[in-house]
Number of protein chains: 2
Amino acid sequence: MDPAKQRRLEAAGWRVGTAAEFLKLSPEESAYVEMKFLLSRRLRDARLKEGLTQAELAERLGSSQSRVAKMEAGDRSVSIDLLLRALLQMGLSPRQIARVIG
Amino acid sequence: MDPAKQRRLEAAGWRVGTAAEFLKLSPEESAYVEMKFLLSRRLRDARLKEGLTQAELAERLGSSQSRVAKMEAGDRSVSIDLLLRALLQMGLSPRQIARVIG
DNA sequence: GCAAGGTATGTCGAATCAGGCATAGCACAA
DNA sequence: TTGTGCTATGCCTGATTCGACATACCTTGC
């Protein structure tokens with residue numbers, strides 16, 4: 001957020017902070033959520049790069065369109081395990097995956 | 001395995017191969033298992049480096065000694081999610097974790 | 001030998017996560 | 001507008017994973 005906007009909001013009585021602050025996440029929880037977010041975004045990029053729909057990717061993964069949507073959204077019901085398996089299935093190497101989270 | 005030993009075994013009628021071959025793992029499955037193994041070994045190293053017993057680490061993680069043993073063994077019942085959370089709890093940064101799997 | 005401290009293994013009930021279905025939302029062409 | 005293709009969301013049910021407990025299995029020192 002740009003500083004000017006933040007000043008305007010705070011002048012209007014709003015408190016401005018990060019999602020982690022709002023949700024009272026510990027540093028470890030924040031890092032976990034961040035890693036998950038990065039992996040989910042990478043999955044979406046990989047799918048779009050191959051010109052696939054969520055349904056097509058789902059079929060390739062042996063899953064469903066709705067689950068792919070949730071994977072890409074970093075939904076609470078999606079584990080990092082699932083994201084990692086999906087990315088490996090998309091042909092990413094462990095090294096490439098490491099670059100995503102590091 | 002050293003070549004001489006392999007020759008001896010094969011001369012005795014044994015077939016020699018990798019775990020992945022024996023278990024008929026796809027490349028993706030192999031990579032997944034490998035990542036999990038690397039993470040579990042890193043957790044053990046981190047624990048020993050701090051001079052903790054499994055029980056002490058378990059308490060720090062809000063878990064149990066038996067589960068820590070399984071984490072370090074890369075047991076089937078242990079998810080990569082759990083290993084990642086444990087490593088973050090041990091103070092590793094996402095960057096350090098990336099170096100483990102990459 | 002055996003006792004103690006640490007680690008591994010098997011099992012359980014509870015919690016979480018999986019895939020799948022239904023359907024809502026959303027953008028765009030006809 | 002309506003229809004069509006794609007994506008998002010809510011819920012259900014079964015599978016997996018969780019922490020926990022009991023107990024077996026080492027080592028090491030007595």
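Worth saying up front: this structure is predicted, and the values here are computed from it rather than measured. Below, read A as the first sequence line, B as the second, and so on, with proteins coming before strands; counting in each chain starts at 1.
Which of dA18(C), dT17(D), dT9(D) sits closest to the side chain of R76(B) comes down to dT17(D). When each of dA8(C), dG19(C), dG19(D) is scored by its nearest atom to the side-chain atoms of R67(B), the top-ranked nucleotide is dG19(D).
Using a 4.5 Å heavy-atom cutoff, the side chains of I101(B) and L84(A) are not in contact. Inter-residue side-chain proximity for R60(B) and E50(B) is flagged as met; some heavy-atom pair is nearer than 4.5 Å. In this structure, the side chains of R47(A) and E72(A) come closer than 4.5 Å at one or more pairs of heavy atoms. Residues E29(A) and L88(B) are not in side-chain contact: their nearest non-hydrogen atoms beyond the backbone lie 4.5 Å or more apart.
At a cut-off of 3.5 angstrom, counting only N and O atoms as typed in the model, there is a donor on one side and an acceptor on the other between the side-chain of S64(A) and the base of dG20(C). Under 3.5 Å, the side chain of S77(B) and the base of dC18(D) form no donor-acceptor pair of N or O atoms. On a pure distance criterion of 3.5 Å, a polar donor-acceptor pair joins the side chain of Q65(A) and the base of dA8(D). Side-chain to base pairing of K70(A) with dG19(C): no donor and acceptor N or O lie closer than 3.5 Å to each other. Judged by atom type and distance alone, S63(B) does not reach the base of dC18(D) through any side-chain donor-acceptor pair under 3.5 Å.
Atom CG in L52(B) sits about 18 Å away from atom P in dG5(C), given to the nearest Å. Look at CE on M71(A): it is 9 Å from C1' on dA18(C), rounded to the nearest Å. Summarising the geometry, the separation between CG on D81(B) and C1' on dT16(D) is reported as 12 Å, rounded to the nearest angstrom. The distance from atom CD of E59(B) to atom P of dC21(D) is 13 Å, rounded to the nearest whole Å. Atom-to-atom, NZ of K36(A) to P of dC17(C) comes out at 7 Å; the value is rounded to the nearest Å. One atom, CD of Q54(B), and another, P of dT23(D), lie 19 Å apart when rounded to the nearest Å.
At a threshold of 4.0 angstrom between heavy atoms, the contacts of V78(A) are confined to the sugar-phosphate backbone, with no base atom among them. Contact annotation for R47(A): backbone-only contact, meaning every heavy-atom pair under 4.0 Å involves sugar-phosphate atoms and none involves a base.
Comparing L82(A) and R44(B), the nucleotide of DNA chain C nearest to each residue sits closer to the 5' end for R44(B). Nearest-nucleotide positions on DNA chain C for D75(B) and I80(A) put D75(B) closer to the 5' end.
Taking side-chain N and O atoms only, S79(B) has no distance below 4.0 Å to OP1 or OP2 of dC17(C).
Closest heavy-atom contact between D75(B) and K36(B): O-NZ, 3.3 Å.
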